[in-house]
Amino acid sequence: MKRILKRRESTLLISLIVLVLLVSLRSPSFIGPKSLNAILNDTSALIIVALGQSLVILIGGIDLSVASTMAFTGMVTGLLNLHIPGIPAWTYLPIAAAIGACLGALSGSLVAFGRLPPLIATIATMSIYRGFVYVFSKGAWVTARDMSPAFLSIPSTQIFGLSSMVWIAILVAVAAGIFMRFASSGREVYAFGGNKVAANFAGVSERKVEMLVLTASGLLAGLAGVLWVSRYGMAQSETASGFEMQTVAACVLGGVNFVGGAGTVLGVVIGALFFGVVNNALTVIHISPFFQMVIQGIVIIFAIVSNTLIDRSNQMKLIARRKI
Amino acid sequence: MSRESKMDGRSRVEGSRLAGRRPSLGRRLAGFLGSWESLIFLLFLLVVSANSLISPIFLDPANLFDATLNFTEKAIIAMPMIFVIILGDIDISVASIIALCSLFIGMAAANGVSTPLLIAIGLGVGLLAGLFNGFLITKFDLPAIAVTLGTMSLYRGIPNAVLGDQAYTKFPADFGFLGQGYAIANIVPLELLVFLVIAVVAAVVLNFTIAGRYSYAIGNNKTAAKFSGVPVARVRMAAFAATGLCSGISAILLTSRIGSTNPNIAMGWELEVITMVVLGGVAITGGKGNVLGVIIAAFLLGFMRFGLAVVNVQGAIMNIITGALLVVAILLPKAIEAARHRPMREKSL
């Protein structure tokens, strides 16, 4: 019990629940099924992309190209749907994921083989991918009117009371959790993020890990791209612009360490949900959405400072307890 | 990246000259090309000649000076950013600091504050924002990217909360001179002069002062620097404060040039500034870089965008080209280096 309480995820989860309860004092319908469902739907894309982002942050990098990848796959699937409406709707998911994985692998090879730091490689691919969205669409928008009803229903089909978008986020989170905990590649990501030199001597291939995390991040962003576009019924060159920073913020709040090597799937999911709740709560308690950014900033700074201070005090306690 | 590959090409050529044998022409050429400043200077010449082919009036002095207006505000922030990145840190909140400064300048101007005071407000807010970044980073020893990600939201969030979808457009008549005025024979933009002064200060500090040497020492090995008595926290603090201050200067010039302020001002500039610095040869891993390379990179990027705009290339395609340029400019010297040293190349860890 004590061990569970000590974990960062539990602190975060408790503050999340407290936040939800506080908001529901002002507006009781906030904890109603309809409102909770809306929060889950709004947060699904963030959860999916943030999980990919967390892999890259785990190895001490960052993937700034995720939002551009979303715009890319969103536009490609949107255009596919516009020109060949007959394709079964579910096939857009693997198509988008595959395109996303290719884009991620391209960033990955710049890092793994070109030895570019992930930050620089993804700054470059970020503008390249978004540029191509514009080239493909010639600057035009693909709107809900151009999309087939089947395409628009991809994220909203109801299964056991939850929308398919939420189910996809749950599946991704469970798969990521199993992968990070039990697959040897998943453990290699932690090992590599914790200490590159040591991991190298233990036989972890640097290139393999770098390719793996960036490809996975691209794949998940690609998947989220088609969900985003079909949910909002709009594909344009500015799709999800600035979303990359939100995914990084969700990771930071979820306790993924920027120095690399520490962070859990559960933490990232709760971190993403936290932002989802805050954003939805603002409208419920009648605070202008223009305050969203200030609050997000304060939450991030508070999370980083408190996480680091708690970490340090834990380490000091461990050192103090050690017999010399 | 291994330390070996960071060695610049020219020093190897000089090394073999000292050893008494004249390097072959090919090697000397490769060494020249391998040096970062010469590589991007060649690219710069390429852009200038392409531009003058496209547009006969490009080399006209008045036009040439005006072409600098689209990048000097970013280049001003790139100068202190050189220090931040050499230190092994990064500051992604600079564009948000511009928005914050611009908000306070606009707010004060709407209340009838005079131009000198507006300048003081812009500088003061920028400095405070930079100091706050530096305080969080050095006081708690937090990763700079995480902290400035937070302040990036915070600093742009404040104008968002205050202004919403409104904008300030009322400024004193003489305020516009700062961003739109010309000095020296009425042809050199004031902005360019401000940039050149800041660039000279940055070059002097980096090359001829203790603080500059400290920056390289910290960037190469923070722990070793600390144990050698380098005031690591103070140097990092100063770098973030300078970045905030220069963002304030940039905010004053930008607000004056466009004559309005809204929460979305300078959106995405942080990445353009970082691109400039990295293209200028500053290693994002820290410890390496100089001012001259970044100045050339600023002119290269600015003139390239100018030329592309002349031939009606869309912004999105410019972004593709900028992104590709960044990748190629970093990969090319590495590829040349690798080709030259293939026989004795060691496998880096």
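The chains referred to below are lettered A, B, ... by the order of the sequence lines, with proteins before strands, and numbering in each begins at 1.
- Heavy-atom pairs under 4.5 Å with chain A peak, among B:Ala146, B:Ser96, B:Gly268, at B:Ala146.
- With rounding to the nearest 0.5 Å, the separation of CD1 in A:Ile304 from CG in B:Leu142 is 6.5 Å.
- When heavy atoms are compared at a cutoff of 4.5 Å, B:Ile90 approaches chain A solely by way of its side chain, counted from C-beta outward.
- Note on A:Ile123, A:Val299, A:Ile120: by heavy-atom pairs under 4.5 Å with chain B, the leading option is A:Ile120.
- Looking at B:Ile92, only its side chain comes within 4.5 Å of chain A, counting heavy atoms on both sides.
- Between B:Leu326 and A:Ala124, the shortest heavy-atom distance links the atoms CD2-CB, 4.0 Å.
- Under the rule for a salt bridge (charged side-chain N to carboxylate O under 4.0 Å, His left out), the partners of A:Lys208 that lie at least two apart in sequence or sit in another chain are A:Glu188.
- The structure places CD1 of B:Ile284 at 10.0 Å from CG of A:Leu116, a figure rounded to the nearest 0.5 Å.
- Among the residues in residues 125-135 of chain A, those with a non-hydrogen atom closer than 4.5 angstrom to a non-hydrogen atom of chain B are A:Met126, A:Ser127, A:Ile128, A:Gly131, A:Phe132, A:Tyr134, A:Val135.
- The environment of OH in B:Tyr216 is crowded: more than 12 heavy-atom neighbours from other residues, nucleotides or ligands sit within 6.0 Å.
- For the atom pair CG (B:Leu154) and CE (A:Met293), the distance works out to 10.0 Å, reported to the nearest 0.5 Å.
- Taking the ring pair (Phe, Tyr, Trp, His ring centres under 6.0 Å) definition, one finds that B:Tyr155 meets it with nothing, sequence neighbours left out.
- Residues in residues 86-95 of chain B take part in these salt bridge (Lys or Arg N to Asp or Glu O under 4.0 Å) pairs, two or more places apart or across chains: B:Asp89-B:Arg236.
- Neither the backbone nor the side chain of A:Ile287 comes within contact range of chain B; no heavy atom of the residue lies under 4.5 Å from a heavy atom of that chain.
- Comparing B:Ile274, B:Asn160, B:Val327, B:Asp165 by heavy-atom pairs within less than 4.5 Å of chain A, the highest count is held by B:Asn160.
- No part of A:Ile295 comes within reach of chain B, as not one of its non-hydrogen atoms sits under 4.5 angstrom from that chain.
- Residues B:Ser153 and A:Gln296 share a closest heavy-atom pair of OG-NE2, 3.5 Å.
- Atoms CZ and CD1, on B:Phe132 and A:Ile301 in that order, are 5.0 Å from each other to the nearest 0.5 Å.
- In this structure, B:Asp141 and A:Arg312 approach most closely via the heavy-atom pair O-NH2, 3.1 Å.
- Residue B:Thr151 touches chain A through both its backbone and its side chain, counting heavy-atom pairs closer than 4.5 Å.
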Applying side-chain contact (heavy atoms from CB on, under 4.5 Å), run through B:Leu331 and A:Leu110 and close with a yes or a no. CA-CA 9 Å; B:Leu331 287 185; A:Leu110 289 178; 4.1 Å; yes
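- Your options are B:Leu271, B:Ile145, B:Thr322, B:Ile158, and the one with the most heavy-atom pairs under 4.5 Å with chain A is B:Ile145.
- Contact check for A:Val305 versus B:Phe140: side-chain heavy atoms found under the 4.5 Å cut-off.
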